[in-house]
Amino acid sequence: MEGTLTTDSVSDSDFLKEFYIPNYILVPDSKSDSTPPPQLPQCPVLVFINSKSGGQLGADLLKTYSALLNENQVFDLGKEAPDVVLRRIYLNLEKLKSNDEFAAKIQEKLRIIVAGGDGTAGWLLGVVCDLKLSHPLPIATMPLGTGNNLPFAFGWGKKNPGTDVQAVMAFMKKVKNAKEMKIDNWHILMRMRAPKEGSCDPIAPLELPHSLHAVHRVSPTDELNMEGYITFRGGFWNYFSMGMDAQVSYAFHSERKLHPEKFKNQLINQSTYAKLGCTQGWFLASLYHPSSRNIAHLATVKIMKKTGQWEKLHVPNSIRSIVCLNLPSFSGGLNPWGTPNSNKRRDVSFICPLAYLL
């Protein structure tokens, strides 16, 4: 029966208890399930799933995880934002832990599983970073997108996983045994000249992807504000690009939003991405793109070497794209550093965001 869990043995049931979180932790002022279970879970997890990722896989994963765990610890990112969920749970934990040792231990051991693409993983990383927790929540990334560069870099694989009980439990076993690893969080400032006439906004309001949730326009009173310019600030974890690569990514994002029915699996998505790269002139840039669209003619790029000290980056006139990498690969698996040694073992690791690196 759909949505019903049947375990093969008592050991499976015992294993799932290692991840289970009772309702009174998850739902403030919950009347039911208010007595802590006798067994403290060694790996309590909150599961966030982008139901729109991976075609139908996201929706199927929601059903499987909800059947295996407490349905209140599994969240559909299409219905509830992670910052709202985490603030609610942490406020409840802070209220409970002074008189509840079980709640205190749950908070200490809490982990996150996020199923989605790089953008979804970046969204969770940003939210956890913004919470400014004394011990950032470790995040396990379940690959469910097109490129899956973040999951691959941390040993979780690159292919979309299965959604059946066995596949999900196999992933949870990896989560239980994974180690923690820090990831840098890079800070970006973007300034655009304000028009001398007309609207104060040079462009229509942007609908930013969730991975850039922290990107926002600074207020006139912010110390980063500069007269004559409109300033945005934000951060990234996987990679940041400008120029042709960003143009292809934006075209892919727009096409997927307009025609989600065309993006049903990873192979089709990657094929579409490659076709868009061709239509945007990625492979024959000198023929399709005039030099006036090169980076040097469109933007000034500066790097902060020390706090407050910006150094201008020399960009040759022929450069059409700049990619700032925080991972070994980008754009669906393109690795500019060469192919790593296949014999080298890749351990799975939780991602723990660091503070902004300026």
Side-chain angles (χ1 to χ4, degrees), residues 18-19 41-50 53 82 86 90 105-145 147-161 168 170-188 210-214 234-240 323-358:
E18 300 287 350
F19 302 86
Q42 294 303 306
C43 189
V45 293
L46 299 174
V47 182
F48 294 91
I49 299 173
N50 188 342
S53 289
L86 291 175
Y90 263 83
K105 292 293 185 182
I106 288 287
Q107 182 172 343
E108 179 183 323
K109 294 177 175 290
L110 195 59
R111 303 288 184 266
I112 285 178
I113 294 175
V114 54
D118 287 330
T120 305
W123 185 12
L124 264 294
L125 282 164
V127 167
V128 170
C129 189
D130 289 347
L131 288 175
K132 294 180 171 59
L133 303 173
S134 56
H135 178 64
L137 276 168
I139 300 173
T141 53
M142 194 173 194
L144 203 64
N148 297 319
N149 293 290
L150 267 169
F152 182 66
F154 286 85
W156 299 104
K158 193 173 182 180
K159 295 182 179 179
N160 294 339
V168 170
F171 185 85
M172 291 170 68
K173 289 177 182 177
K174 293 173 67 176
V175 169
K176 184 180 178 182
N177 296 322
K179 61 182 181 180
E180 295 184 18
M181 183 178 292
K182 302 288 186 181
I183 186 172
D184 296 334
N185 174 7
W186 296 91
H187 197 181
I188 306 169
H210 291 305
S211 56
L212 291 178
H213 79 287
F236 72 94
W237 287 263
N238 47 5
Y239 64 92
F240 167 77
V323 181
C324 305
L325 287 175
N326 194 34
L327 295 175
S329 64
F330 75 105
S331 191
L334 181 62
N335 186 350
W337 315 116
T339 304
N341 188 341
S342 59
N343 295 324
K344 186 176 180 180
R345 184 172 177 267
R346 184 184 295 271
D347 293 328
V348 292
S349 305
F350 287 107
I351 306 174
C352 299
L354 290 172
Y356 278 134
L357 296 180
L358 295 180

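Just so it is clear, the values below take in all heavy atoms, side chains as well, and ignore hydrogens, waters and symmetry mates. Counting begins at 1 with the first residue of the sequence. Since the model is a prediction, treat every value here as computed from it, not as a measurement.
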Check: Of all heavy-atom pairs between Gly117 and Asn148, which one has the smallest distance, and what is that distance?
Finding: CA-OD1, 4.1 Å
Next item on the list: Output the distance between atom CG (Leu125) and atom CG (Leu137), rounded to the nearest 0.5 Å.
Entry: 11.0 Å
Checklist line | Spacing of CE belonging to Met172 relative to CE belonging to Met142, to within rounding of 0.5 Å | finding: 9.5 Å
Check: How far does OG1 of Thr120 sit from CZ of Phe48, to the nearest 0.5 angstrom?
Finding: 12.0 Å
Next item on the list: Tell me, please, which residues at least two apart from Asn326 pass side-chain hydrogen bond (donor to acceptor under 3.5 Å, both in side chains).
Entry: Trp186
Note to self: Please report the interatomic distance CZ(Phe19) to NZ(Lys173), rounded to the nearest 0.5 Å.
What the structure shows: 9.5 Å
Item checked: pair Pro143-Lys158: side-chain heavy atoms closer than 4.5 Å -> no
Check: Would you say the side-chain atoms of Asn238 pair up with the backbone N or O of Leu150, donor to acceptor, closer than 3.5 Å?
Finding: no
Checklist line | Straight-line distance of Leu144 CG to Asn50 CG, nearest 0.5 Å | finding: 7.5 Å
Margin query: So which atom in Val175 and which in Cys43 form the shortest heavy-atom distance, rounded to 0.1 Å?
Written below: CG1-SG, 4.0 Å
Next item on the list: List for me each residue that meets side chain to side chain contact (heavy atoms under 4.5 Å, CB included) alongside Lys109, sequence neighbours excluded, and say none if there are none.
Entry: Leu40, Gln42, Pro44
Notebook entry, point to check: If you take all heavy atoms of Pro138 and Glu180, which pair is closest and at what distance?
Noted result: CG-OE2, 3.4 Å
Check: Under a 4.5 Å cut-off applied to non-hydrogen side-chain atoms, are Asn185 and Ile183 in contact?
Finding: no
Notebook entry, point to check: Are Ile112 and Leu86 close enough that some pair of their side-chain heavy atoms sits under 4.5 Å apart?
Noted result: yes
Check: Can you find a pair of side-chain heavy atoms, one from Tyr90 and one from Leu110, that are under 4.5 Å apart?
Finding: yes
Next item on the list: Work out which heavy atom in Ile106 is nearest to a heavy atom in Pro41; give both atom names and the distance.
Entry: CD1-CG, 3.5 Å
Check: How far apart are the closest heavy atoms of Trp237 and Asp184, and which atoms are they?
Finding: CD1-O, 3.5 Å
Check: Considering residues at least two apart in sequence or located in another chain, which fulfil the side chain to side chain contact (heavy atoms under 4.5 Å, CB included) criterion with Leu325?
Finding: Tyr239, Val323, Phe330, Pro336, Trp337
Item checked: Taking every non-hydrogen atom, the tightest pair across Trp156 and Ala178 -> CH2-CB, 3.7 Å
